A.B. asks: 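What follows is a structure written as structure tokens; I'll ask about it next.
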Amino acid sequence: MDGDALHPIGELARRTGLTVKTIRFYSDRGIVPPAGRTPAGYRLYGSDAVARLDLVRTLRELGLDLATIRKVVVRELPLSDVAAAHAEALAVRIRVLRLRHVVLTAVARRGSTPEEMEHMHKLAGLSEDERRRLVGDFLDAVFGGPDAAPASAGEIAGPAVGPTAGPMAGVMRSMTPELPDDPADEQLDAWLELAELSRDPDFRAAVRRLMEDDAADRAGARAGAVPRRDPVAVVRDTAGPAMTAGIDPDSPRADPVVASVTAHYADLLGRRDDTALRHRLLARLTAAGDPRRERYLQLLAVINGWQAPESLTPVLDWFGRALRARTPV
């Protein structure tokens, strides 16, 4: 198709790979109008028709509607403006599809019921404000709001996870998920699980008890005591090396480890290292070792892009066994 020669629709079809019917459809809508007709009334097209049809096919494959395509082809709309608007719409569509993919993947992995799937779908589609309200409701239920008494970040949020220890407001921030504007699939998946976990009344009650126990210990600390590390951090730092060294928690070699931790706890409270104190410490460590708490912190790290927290379960289990072996029932 060269120069100013006019060409029949059949030749145009052979050159573009489109059917005669499709070209006639575009022609009738003014997208590729004929440049003339034969004496018998058949349509003839100019040399620019192939380029127009190639453009139309590309724009259709990108999802543009025919009305918009016509305006682009006849230069009523700048292609750059149309491309920008369509790219923005596609970005929204991609986000929706990613959310659906994450939800369906989670449903398949967990064997969820239809009701659970519907719930996950709603959680995945929450706006930023709605996510903040959901998390805020969980944190307020657990900590009693930002004006509550201070607590130990190590005891509640776990050592070396997020921001450092501080007042209650700081601890609450250290347990707040911040889903990015463009999260990865694993962050979306982690958000779904964390949101479900934060709505679990039993989990809320367990974390609340842990906070209250920590507050009770601090309220009962002897007057003038220098602030000390929380029991979880002490167990981690004291019992961790013994566990790594392969010491059996029931062997005499574990005696000084238990004595060191219980002495620290007794000194913190200004009490004797007796059976009652050891049972109180066991209860504290059992609560801190709740696997749901550790899972929350793991999910939080994924969502916020933090370094994965160390698992305290092995060392808490090791020390719990050692302490029970040396504590009367």
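All values derive from a computational prediction rather than experimental measurement.
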A.B. asks: According to a 4.5 Å side-chain heavy-atom criterion applied to Ile, Leu, Val, Met, Phe, Trp and Tyr, with indirect links allowed, do Val74 and Val72 form part of one hydrophobic cluster?
C.D. replies: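 Result: no, two separate clusters.
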A.B. asks: Would you indicate whether the side-chain heavy atoms of Asp248 and Arg253 approach each other to under 4.5 Å?
C.D. replies: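 No, their side chains stay 4.5 Å or more apart.
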A.B. asks: Could you walk me through whether Leu188 and Leu179 pass the side chain to side chain contact (heavy atoms under 4.5 Å, CB included) test, one step at a time?
C.D. replies: CA-CA 8 Å; Leu188 285 172; Leu179 192 67; 4.0 Å; yes
A.B. asks: Which heavy-atom pair separates Ala141 from Arg208 by the least distance, and what is that distance?
C.D. replies: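 Closest pair (atom of Ala141, atom of Arg208, distance): O-CD, 3.6 Å.
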A.B. asks: Does Ser260 reach the main-chain N or O of Val257 with its side chain, forming a donor-acceptor pair under 3.5 Å?
C.D. replies: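 A pair under 3.5 Å: no.
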A.B. asks: With rounding to the nearest 0.5 Å, note down the distance linking OG1 in Thr275 to CZ in Arg272.
C.D. replies: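 One gets 9.0 Å once the value is rounded to the nearest 0.5 Å.
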A.B. asks: Once rounded to the nearest 0.5 Å, what's the spacing between atom OH of Tyr296 and atom CZ of Phe203?
C.D. replies: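 Result: 7.0 Å between the selected atoms.
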A.B. asks: Decide, yes or no, whether a salt bridge links Arg133 with Asp140 under the criterion of side-chain N to carboxylate O below 4.0 Å.
C.D. replies: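 No.
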A.B. asks: How long is the span from the CD atom in Glu196 to the CG atom in Leu134, to the nearest 0.5 Å?
C.D. replies: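 Going from the CD atom of Glu196 to the CG atom of Leu134 covers 10.5 Å.
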A.B. asks: Let me confirm one number: the CZ-OH distance from Arg52 to Tyr26, rounded to the nearest 0.5 Å.
C.D. replies: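 Rounded to the nearest 0.5 Å, the CZ-OH separation comes to 14.0 Å.
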A.B. asks: Before giving the answer on side chain to side chain contact (heavy atoms under 4.5 Å, CB included), spell out for Ile247 and Trp318 the whole-Å C-alpha distance, their side-chain angles and the decisive distance to 0.1 Å.
C.D. replies: CA-CA 10 Å; Ile247 295 176; Trp318 185 97; 4.2 Å; yes
A.B. asks: Please give me the minimum heavy-atom distance between Gln187 and Ile303, naming the atom from each residue.
C.D. replies: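 In this case the closest contact between Gln187 and Ile303 is NE2-O, 3.0 Å.
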A.B. asks: Of all heavy-atom pairs between Val32 and Ala49, which one has the smallest distance, and what is that distance?
C.D. replies: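 Minimum heavy-atom separation between Val32 and Ala49: CG1-CB, 4.0 Å.
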A.B. asks: To the nearest 0.5 Å, tell me how far Glu193 CD sits from Ser198 OG.
C.D. replies: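 Glu193 CD to Ser198 OG: 11.0 Å, rounded to 0.5 Å.
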A.B. asks: Is there a side chain to side chain contact (heavy atoms under 4.5 Å, CB included) between Ile69 and Arg60 once you walk through the steps?
C.D. replies: CA-CA 8 Å; Ile69 290 174; Arg60 287 293 286 166; 3.3 Å; yes
A.B. asks: Do Arg43 and Thr38 make a side-chain contact, defined as non-hydrogen atoms from C-beta onward lying under 4.5 Å apart?
C.D. replies: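 No, too far: nothing below the 4.5 Å cut-off.
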A.B. asks: Flag yes if more than 12 heavy atoms outside Arg37 fall under 6.0 Å of its CZ atom; otherwise flag no.
C.D. replies: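 Count over threshold, so yes.
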A.B. asks: Are Leu55 and Leu62 linked, directly or through intermediate hydrophobic residues, by side-chain heavy-atom contacts shorter than 4.5 Å (ILVMFWY only)?
C.D. replies: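 Yes: a chain of side-chain contacts under 4.5 Å links Leu62 to Leu55.
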A.B. asks: Less than 4.5 Å apart, any side-chain heavy atom of Ser311 and any of Glu294?
C.D. replies: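 Of all side-chain heavy-atom pairs linking Glu294 with Ser311, at least one is under 4.5 Å.
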A.B. asks: Among Leu285, Asp237, Leu323, Leu281, which residue satisfies the side-chain contact (heavy atoms from CB on, under 4.5 Å) criterion with Val261?
C.D. replies: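 Option passing the side-chain contact (heavy atoms from CB on, under 4.5 Å) with Val261: Leu281.
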A.B. asks: Output yes when Asp54 and Arg57 qualify as a salt bridge under the 4.0 Å nitrogen-oxygen rule, no when they do not.
C.D. replies: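 A salt bridge links Asp54 with Arg57.
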A.B. asks: How close do Ala13 and Val20 get, heavy atom to heavy atom, and via which atoms?
C.D. replies: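 Answer, listing the atom of Ala13 first, then Val20: CB-CG2, 3.9 Å.
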A.B. asks: What is the distance from atom CG of Leu139 to atom CZ of Arg132, rounded to the nearest 0.5 Å?
C.D. replies: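 Going from the CG atom of Leu139 to the CZ atom of Arg132 covers 11.5 Å.
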A.B. asks: Treating Ile, Leu, Val, Met, Phe, Trp and Tyr as nodes and any side-chain heavy-atom pair under 4.5 angstrom as an edge, say whether Tyr42 and Tyr45 lie in one connected cluster.
C.D. replies: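 Not linked; separate clusters.
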A.B. asks: Can you check whether His7 reaches Arg15 side chain to side chain, under 4.5 Å on heavy atoms?
C.D. replies: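 Heavy-atom side-chain distance check fails, nothing below 4.5 Å.
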A.B. asks: Using a strict cut-off of less than 4.0 Å between a Lys/Arg side-chain nitrogen and an Asp/Glu carboxylate oxygen, indicate whether Asp137 and Arg204 qualify as a salt bridge.
C.D. replies: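 Salt bridge flag = yes for Arg204 with Asp137.
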A.B. asks: Under a 4.5 Å side-chain heavy-atom rule over Ile, Leu, Val, Met, Phe, Trp and Tyr, are Leu312 and Val302 clustered together?
C.D. replies: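 Shared cluster, no.
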A.B. asks: Report yes if the side chains of Pro309 and Leu297 come closer than 4.5 Å at any heavy-atom pair, otherwise no.
C.D. replies: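 Yes, side chains in contact.
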A.B. asks: Does Thr262 use its side chain to pair, donor to acceptor, with the backbone of Ala259 at less than 3.5 Å?
C.D. replies: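 Yes; judged by distance alone, with no hydrogens or angles, the pair exists.
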A.B. asks: For residues Asn304 and Leu300, determine if any side-chain heavy atom of one lies less than 4.5 Å from a side-chain heavy atom of the other.
C.D. replies: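 Yes; the side chains approach each other to less than 4.5 Å.
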A.B. asks: Taking 4.0 angstrom as the limit, do Asp273 and Arg278 come out as a salt bridge?
C.D. replies: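 Salt bridge present between Asp273 and Arg278.
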A.B. asks: Looking at side-chain heavy atoms only, is the closest gap between Tyr265 and Arg280 below 4.5 Å?
C.D. replies: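 A side-chain contact exists here, since the closest heavy-atom pair is under 4.5 Å.
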A.B. asks: Please report the shortest heavy-atom distance between Ser251 and Arg326, naming the atom on each side.
C.D. replies: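 So the minimum-distance heavy-atom pair works out to O-NH2, 2.7 Å.
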A.B. asks: Do the side chain of Trp191 and the main chain of Glu178 share a donor and acceptor less than 3.5 angstrom apart?
C.D. replies: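 Not at all, since once roles are kept as given, no pair shorter than 3.5 Å links the two residues.
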A.B. asks: So with a 6.0 Å cut-off around CZ of Arg131, is the heavy-atom count from everything else above 12?
C.D. replies: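 More than 12 heavy atoms, drawn from other residues, nucleotides or ligands, come within 6.0 Å of this atom.
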A.B. asks: Should Pro177 and Val135 count as side-chain neighbours, where that means a heavy-atom distance under 4.5 Å?
C.D. replies: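 The answer is yes, as the side chains (C-beta and beyond) meet within the 4.5 Å cut-off.
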A.B. asks: Closest approach of Ala288 and Val232, non-hydrogen atoms and distance?
C.D. replies: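 Shortest heavy-atom separation between Ala288 and Val232 comes out as CB-CG2, 3.5 Å.
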A.B. asks: Could you tell me whether a side-chain N or O of Asp65 sits under 3.5 Å from a main-chain N or O of Ala67, the two making a donor and an acceptor?
C.D. replies: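 A pair under 3.5 Å: yes.
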A.B. asks: When you measure from the side chain of Thr238 to the backbone of Val234, do you find a donor-acceptor pair of N or O atoms at a distance under 3.5 Å?
C.D. replies: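 Confirmed, Thr238 side chain pairs with Val234 backbone.
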